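To start, the structure itself, in structure tokens.
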Amino acid sequence: MTDPVPRALPRPSPAQRWLALVLVSVAMFGNYYVYDAFGPVVDLLREQEGFTYDQISMVFSAYSVAAVVVLLIGGYVIDRWGTKRSIALFAAICLAAAALMASTARFETMLAGRFLLGIGAEPLIVAATAALAKWFKGKELSFAFGINLSIARLGSASADWSTSFASGLYANWQDPLWLATGVATVGLTAAMLYWMVEARLEGRVDLGEAAATDRLELKGMYAFSASYWYIVGLCVVFYSTVFPFRAFAIDYFQQAHGLARETAGMLSSLLPVAAIIVTPLFGLWVDRVGRRSLFMAIGSLAMLPLFLLVTYAPPGPDIPMPFTDGTRVPLTLLVVMLMLGGVFSLIPAVMWPAVAYIVRESRLGSAYSMMTLCQQVGVALVPLVVGRFNTAFGAGPEHPAGYAPGMWFYTALAALGLLFSYLLWRAESGPAAHGLEYPSGEKPA
Ligand SMILES: NCCCC[C@H](N)C(=O)NCC(=O)O
């Protein structure tokens, strides 16, 4: 008798793939919610617990310090543990971090909680990407990544919206953070369900092998072209401006512009909301027309005046915000936040895929890891500088001008971003171009 020939397993059905996507995305929703739940309680921590802006920015930066550490080792955990265990493990760490931050207003505990969040949240993003690659490889992979990021960004927007739908909790700093802990519990539940689904279907459907996780291999980094390092430079200054600005935005709108917390939250949510809607559209457009470095330069140029406009331009009339129940905001703030939302949609849509044009496929993992690592170093340092400025210049409701030095610092970073994108555009308009300026699929000879 001959041994039966092993039969090839079927690929997962659409229903199985979409179930995996929903569960992984809910875990990511929890991750992003917890990250952004800190911004809306900044003023309460200052007023009720006596936190200084220096302390607030140290807490915010602790995430990025942890992220730098885990980016160096996180890939090994995912490769060793597999996606299903890793997603549950990292979602559990996010939950523990959220609970730690909600438990007490001791500065050291907050710092530890935010550090723990960085340990869990950044590798959770990597593990989620690896998991989706297994289920959607050869299918709707880009679309699945897009949906996943949009649901994650909905988590960011929901944290801002919680100032309205959970306004009753904002009598103290702690209850909104307990709400974040609840959301993290939902994220962990989704991660556990994902573990069950993957374990149940393993051996029944062909999930393939997850590609080796993006890892940082320093060997050969020097060989990356100047264009790659210009994109890394832009990435660092762009995220080091936008993420810290977002972290302080709700407090800033309240203190410097006298907005109610609900209104400030709505205004701040324009960034992730714009990104959910517009990023995929920009992605499609740029695929058609190319001109990637030009678009990055346009995005950087558009960002340049925004922080000075919120500081010095007259507020203008109060007008109703679109898609709300008539919440009124000063025209200048609305225009600035809509423009920043546009930039926050355009630059990531162009910048991350541009790396794939410049670096060969076998080094893409290292290239993206190095880019994220540099990004997180910037995101760790910039809030410390802004916090220092705010404290040193006595920023607060009695002295709104004290916020101006921080805004000048953001402007200087935006100018640096413009310089990097100009250098990139110049490099990509010359003979050593990589095809960034061409539509998808068309490369220079
Ligand atoms: N909002 C949570 C922080 C996400 C950090 C992540 N490393 C990242 O930069 N993602 C890209 C993005 O545009 O959100």
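First listed ligand is number 1; within each ligand, the first listed atom is number 1. In this text, all values refer to a predicted model and were calculated from it rather than measured experimentally. One-based numbering along the sequence shown.
- Looking at atom 8 (C) of ligand 1, its nearest protein heavy atom turns out to be Gln375 NE2, 3.8 Å.
- Ligand 1 has at least one atom lying under 4.0 Å from a heavy atom of Phe243.
- Note: Tyr230 and Phe420 have tilted aromatic rings, judged against thresholds of 30 and 60 degrees for the angle between ring planes.
- Counting protein heavy atoms only, atom 12 (C) of ligand 1 is closest to Arg153 NH2, 3.4 Å.
- Scanning the protein for heavy atoms near atom 5 (C) of ligand 1, the closest one is Glu122 OE2, 3.2 Å.
- When hydrogens are left out, the protein atom nearest atom 4 (C) of ligand 1 is Tyr32 OH, 3.6 Å; that is the closest non-hydrogen contact.
- Cation-pi contact between Arg291 and Tyr438: absent, since separation from the ring centre below 6.0 Å together with deviation from the ring axis within 45° is not met.
- Under the 4.0 Å criterion applied to side-chain N and carboxylate O atoms, Glu198 and Lys134 are assigned as salt-bridge partners.
- Annotation: cation-pi geometry satisfied between Arg46 and Tyr53 (NZ/CZ under 6.0 angstrom from ring centroid, within 45° of ring axis).
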Distance-only donor-acceptor hits, side chain of residues 344-356, under 3.5 Å, sequence neighbours excluded:
residue: Ser345; atom: OG; partner: Ala274; partner atom: O; Å: 3.4
residue: Ser345; atom: OG; partner: Gly341; partner atom: O; Å: 2.7
residue: Trp352; atom: NE1; partner: Tyr239; partner atom: OH; Å: 2.9

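- Counted within 6.0 Å of CZ on Phe143, heavy atoms from surrounding residues, nucleotides or ligands total 12 or fewer; the atom is thus considered open.
- Using a 4.0 Å cut-off to heavy atoms of Gln376, the atoms of ligand 1 that qualify are 7 (N).
- In this structure, atom 11 (C) of ligand 1 lies nearest to the protein heavy atom Tyr239 OH, 3.7 Å.
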